[in-house]
There are 2 protein chains.
Amino acid sequence: MAGGPHILPNVPRISGGRPALPYEPICAVFRRYLHGQKLKFTPERAMILDAVLRQSGLFEAERLAVDLRRLGHRVSRATVYRTLAHLQDAGILKQVFFDNKQSYYEVIAGRQAYDYLICVSTGKVIEFSSEKLRSLRDEICRQHSFEPLSHQFHIFGLSPEAKSAANKSSGEADRKSGG
Amino acid sequence: MAGGPHILPNVPRISGGRPALPYEPICAVFRRYLHGQKLKFTPERAMILDAVLRQSGLFEAERLAVDLRRLGHRVSRATVYRTLAHLQDAGILKQVFFDNKQSYYEVIAGRQAYDYLICVSTGKVIEFSSEKLRSLRDEICRQHSFEPLSHQFHIFGLSPEAKSAANKSSGEADRKSGG
DNA sequence: CTGATTGCAAACACTTTGCAGCAGA
DNA sequence: TCTGCTGCAAAGTGTTTGCAATCAG
């Protein structure tokens with residue numbers, strides 16, 4: 001994907017993988033996906049999925065590695081990354097990009113993906129979900145004969161707390177954080 | 001988000017830097033910014049800004065380095081990155097994230113930033129601009145008492161060309177992958 | 001049994017940084 | 001002159017990959 005036209009990797013379907021059953025356990029979804037791809041359900045994959053499902057909100061690959069180790073599981077980083085990719089293909093995870101340091105992940109199986117307000121001052125991330133946004137997305141796509149598979153909407157700015165903090169210390173370190 | 005708040009870098013103001021004059025040349029904007037920050041306007045910075053302004057649409061740092069070399073200018077990669085950061089601070093550029101490989105940049109000085117439709121099949125990027133989207137963004141921010149500075153909206157999916165290509169070769173590809 | 005999977009470590013690619021000499025203002 | 005700037009090369013970091021041993025189905 002580097003170099004020429006960069007083809008994007010595993011982008012999940014807009015509402016997660018087809019939900020065969022209304023409340024099918026996510027683990028079953030994953031096993032079904034693996035089976036369909038002639039891939040194997042290994043203990044490592046089970047552990048990683050488990051750790052993934054324990055996360056609340058966005059998380060990074062490194063966080064998973066740490067959590068797994070804390071649970072006494074030894075899984076290599078390579079396997080974490082490889083499994084993360086499968087989980088995306090299976091429609092269970094969505095990869096989120098909002099800085100050039102690393103990727104973030106979000107569980108989307110069986111629900112709408114979130115969008116985010118990101119405070120550039122504190123780094124705080126606020127989730128939100130907007131039906132209007134999804135309609136607008138579809139409208140825009142229709143205008144371009146484009147078939148949407150997923151989207152990312154990130155709003156960067158100042159959270160309420162950051163604003164009041166900024167007021168108190170009255171413009172001194174404003175640019176500092178930017179570099 | 002986990003692991004220490006990651007403070008986001010130079011995020012431009014929502015409509016670019018304050019436009020002192022209606023059609024002030026971008027170079028002048030940059031010089032004014034540099035002067036204000038007690039920074040210097042060097043030949044390297046001038047060349048980089050020039051190369052930046054020649055770009056159409058999104059571009060990567062590497063592309064700039066190549067273009068500069070092709071124009072017979074010798075500018076180190078380090079200086080390119082350092083200048084790119086200043087151009088963001090000056091409200092001339094916006095950094096765009098849509099993969100975990102590298103950053104992309106877009107000129108926003110004096111105009112609305114674009115949003116993008118990204119074809120996951122061909123890698124093609126289609127720009128669009130939506131006033132409705134900006135209104136919705138502001139509405140969402142109001143609901144959260146959040147002050148927006150900039151946003152990124154990326155829609156991943158299939159471009160019209162990719163869809164027709166998929167249709168043509170659909171039969172064989174489907175059978176190939178084993179259903 | 002056989003092909004997929006794992007861990008490891010090396011490889012990778014983009015980006016950042018320390019430093020010594022250079023040069024705007 | 002006095003800072004800030006540049007190029008270079010090395011360092012940094014998240015992620016990917018080659019390979020031999022191992023394991024799921």
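Numbers restart at 1 for each chain; the letters A, B, ... are given by sequence-line order, proteins then strands. In what follows, every heavy atom counts, from backbone to side chain, and hydrogens, waters and symmetry copies are set aside.
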*Asks:* Rounded off to whole Å, could you give me the NZ-to-C1' distance for the B:Lys40 and D:dT3 pair?
*Replies:*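 Whole-Å distance recorded here is 5 Å.
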*Asks:* Can you tell which of D:dA24, D:dT16, C:dT17 lies closest to the side chain of B:Arg82?
*Replies:* C:dT17
*Asks:* Could you check how far CD of A:Glu60 sits from P of D:dG14, rounded to whole Å?
*Replies:*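 Rounded to whole Å, this separation is 10 Å.
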*Asks:* Rounded to the nearest Å, what distance is computed from the CD atom of residue A:Gln88 to the C1' atom of nucleotide D:dT15?
*Replies:*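 A:Gln88 atom CD is separated from D:dT15 atom C1' by 13 Å.
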*Asks:* Nearest whole angstrom, please: distance from the P of D:dG14 to the CG of A:Leu64.
*Replies:* 14 Å
*Asks:* For A:Arg45 and C:dG7, give me the distance from atom CZ to atom C1', rounded to whole Å.
*Replies:* 14 Å
*Asks:* Which of the following nucleotides, D:dG25, C:dT15, D:dG7, is nearest to the side chain of A:Phe41?
*Replies:*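 Between D:dG25, C:dT15, D:dG7, the one nearest the side chain of A:Phe41 would be D:dG25.
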*Asks:* Out of D:dG25, D:dT6, C:dT15, which nucleotide sits closest to the side chain of A:Asn100?
*Replies:*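 So the side chain of A:Asn100 is nearest to C:dT15.
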*Asks:* Roughly how many Å is it from NE2 in B:His35 to P in D:dC5, rounded to a whole number?
*Replies:*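 In whole Å, D:dC5 P lies 13 Å from B:His35 NE2.
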*Asks:* In this structure, how many angstroms lie between the C1' atom of D:dT15 and the CD atom of A:Gln95, rounded?
*Replies:*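 The distance from CD of A:Gln95 to C1' of D:dT15 comes to 10 Å, rounded to the nearest Å.
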*Asks:* As a test of reading the structure: which of C:dG24, D:dG14, D:dT16 is closest to the side chain of B:Lys101, going by heavy atoms?
*Replies:*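 Nearest nucleotide to the side chain: D:dT16.
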*Asks:* Output all residues satisfying ring-ring contact (aromatic ring centres under 6.0 Å, His included) with B:Phe30, sequence neighbours left out; order by chain, then residue number.
*Replies:*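 B:Phe30: no ring-ring contact (aromatic ring centres under 6.0 Å, His included) contacts found.
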*Asks:* Of the nucleotides C:dC14, D:dC8, C:dG24, which has the atom closest to the B:Ala78 side chain?
*Replies:*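 It is D:dC8.
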*Asks:* Just the rounded figure in Å: distance from C1' of C:dA23 to CD of B:Glu44.
*Replies:*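 Rounded to whole Å, this separation is 9 Å.
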